[in-house]
Amino acid sequence: MRQIILDTETTGLEWKKGNRIVEIGCVELFKRRPTGNNYHQYIKPDVDFEQGAQEVTGLSLDFLADKPDFAQIAEEFLAFIDGAELIIHNAAFDLGFLDYELSLLGPQFGKITDRCTVIDTLAMARERFPGQRNSLDALCRRLGVDNSHRALHGGLLDAQILGDVYIALTSGQEEIGFGLEEDSGADGAALLAFDTSKLLPRPRVVATASELEAHTARLERLRKKAGHALWDGPKVEEVASA
């Protein structure tokens, strides 16, 4: 399955107020690995930024003045994502803006979900970490994803970071490591035709020394409270009576 991590930056928080997209960033994954085939485009919005929005992205109307408008890049963008599974954090936000931009071009363009399936990593995170903060920055801290280079929001940068977060969120949910001979069907044929030398290494999430120390301390507290922990193996008397 071809997957695309997608992020947009906008002039404000609500498309219903006439805000527009100013940046789109896409990172392509194949077999859960980045291919290096990305899509990135700045867009002239023809409307002003809402208060605070410009500070979040660091973009300005002066910078965007010579960039194409959405109508000029729509077909190229749609061709890039067509048929893929989109992975988006807070998908309702990005899809709302993208569908609004398409609606301004005419009904013949339809909606994004007419072309793609969508996975919302915010919904995934809320299910896995209920009651906790699940912003992209919060997930990076929780899952050990490095986002120290993220001073401002950016379409391509945020898509790259979200790709690492998605891999960490879904680690262990899919079978990994089978050889080409085990593949079958359309995915197997696609992989055989794909130049796997272009695939980049999968990111590794490694616990820090402080995290390991905290984990050990928590296990010890549980052990003292329960009197015996299953992960320590059977009790001595259980072994003797076996």
Side-chain angles (χ1 to χ4, degrees), residues 4-27 38-82 84-127 131-140 147 150-163 165-166:
I4 292 176
I5 315 291
L6 184 146
D7 184 76
T8 63
E9 301 300 333
T10 62
T11 61
L13 295 177
E14 296 186 43
W15 61 265
K16 293 180 181 179
K17 292 183 178 181
N19 286 300
R20 305 290 296 274
I21 293 175
V22 295
E23 185 182 5
I24 299 175
C26 297
V27 173
N38 301 334
Y39 176 87
H40 182 225
Q41 181 64 62
Y42 292 110
I43 300 167
K44 181 174 63 177
D46 292 327
V47 298
D48 205 348
F49 283 89
E50 282 190 351
Q51 185 175 3
Q54 189 170 342
E55 287 74 14
V56 170
T57 63
L59 301 176
S60 67
L61 293 182
D62 286 342
F63 173 78
L64 298 169
D66 62 347
K67 304 301 185 288
D69 58 29
F70 189 86
Q72 293 173 283
I73 62 95
E75 291 188 0
E76 178 185 35
F77 165 66
L78 292 174
F80 183 82
I81 67 170
D82 195 36
E85 181 177 68
L86 301 183
I87 299 166
I88 309 173
H89 198 68
N90 190 11
F93 178 88
D94 299 86
L95 293 179
F97 271 93
L98 288 168
D99 286 345
Y100 174 60
E101 294 283 0
L102 293 176
S103 72
L104 297 178
L105 303 182
Q108 70 275 18
F109 285 94
K111 296 185 175 183
I112 295 297
T113 51
D114 296 334
R115 303 167 180 271
C116 306
T117 57
V118 178
I119 291 177
D120 188 347
T121 52
L122 178 58
M124 292 176 59
R126 284 173 173 169
E127 182 176 349
Q132 301 186 52
R133 292 189 62 193
N134 288 301
S135 66
L136 189 57
D137 284 336
L139 289 174
C140 285
N147 68 337
R150 188 191 189 218
L152 296 168
H153 288 235
L156 185 58
L157 174 61
D158 286 3
Q160 291 168 334
I161 293 173
L162 180 57
V165 167
Y166 170 72

Who are the side chain to side chain donor-acceptor pair (under 3.5 Å) partners of [X], not counting sequence neighbours?
| X | result |
| --- | --- |
| E85 | Q3 |
| T10 | none |
| Q72 | none |

Do [X] and [Y] make a side-chain contact, defined as non-hydrogen atoms from C-beta onward lying under 4.5 Å apart?
| X | Y | answer |
| --- | --- | --- |
| L162 | V27 | no |
| D48 | T11 | no |
| V22 | F63 | no |
| E101 | L105 | no |
| Y100 | R20 | yes |
| Y39 | I81 | no |
| I112 | L78 | yes |

Mind listing the closest non-hydrogen atom pair of [X] and [Y] along with its distance?
| X | Y | answer |
| --- | --- | --- |
| I21 | I24 | CG2-CG1, 3.8 Å |
| C26 | F80 | CB-CE2, 3.6 Å |
| C116 | A84 | CB-O, 3.2 Å |
| A91 | V118 | CB-CG1, 3.8 Å |

CG/L13: more than 12 non-hydrogen atoms of other groups inside 6.0 Å: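 No.
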For atom CD of E75, decide whether the heavy atoms of other residues, nucleotides or ligands shown that lie under 6.0 angstrom number more than 12.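 Result for CD/E75: open.
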Test applied, side chain to side chain contact (heavy atoms under 4.5 Å, CB included); reference residue, F77; option that passes from D82, L6, I43: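 Of all the options given, the one that passes is L6.
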Euclidean distance, [Y] [atom2] relative to [X] [atom1], rounded to 0.5 Å:
| X | Y | atom1 | atom2 | result |
| --- | --- | --- | --- | --- |
| L136 | D7 | CG | CG | 8.0 Å |
| I87 | I4 | CD1 | CD1 | 9.5 Å |
| H89 | D158 | NE2 | CG | 10.0 Å |
| I73 | K44 | CD1 | NZ | 13.0 Å |
| R126 | T121 | CZ | OG1 | 10.5 Å |
| D46 | L64 | CG | CG | 10.0 Å |

Under 3.5 Å: donor-acceptor pair, side chain of D114, backbone of K111: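 Yes; at least one donor-acceptor contact below 3.5 Å.
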Plane angle bin for Y42 and H40 - parallel if under 30°, tilted between 30 and 60°, otherwise perpendicular: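 Perpendicular, since the angle between the ring planes exceeds 60°.
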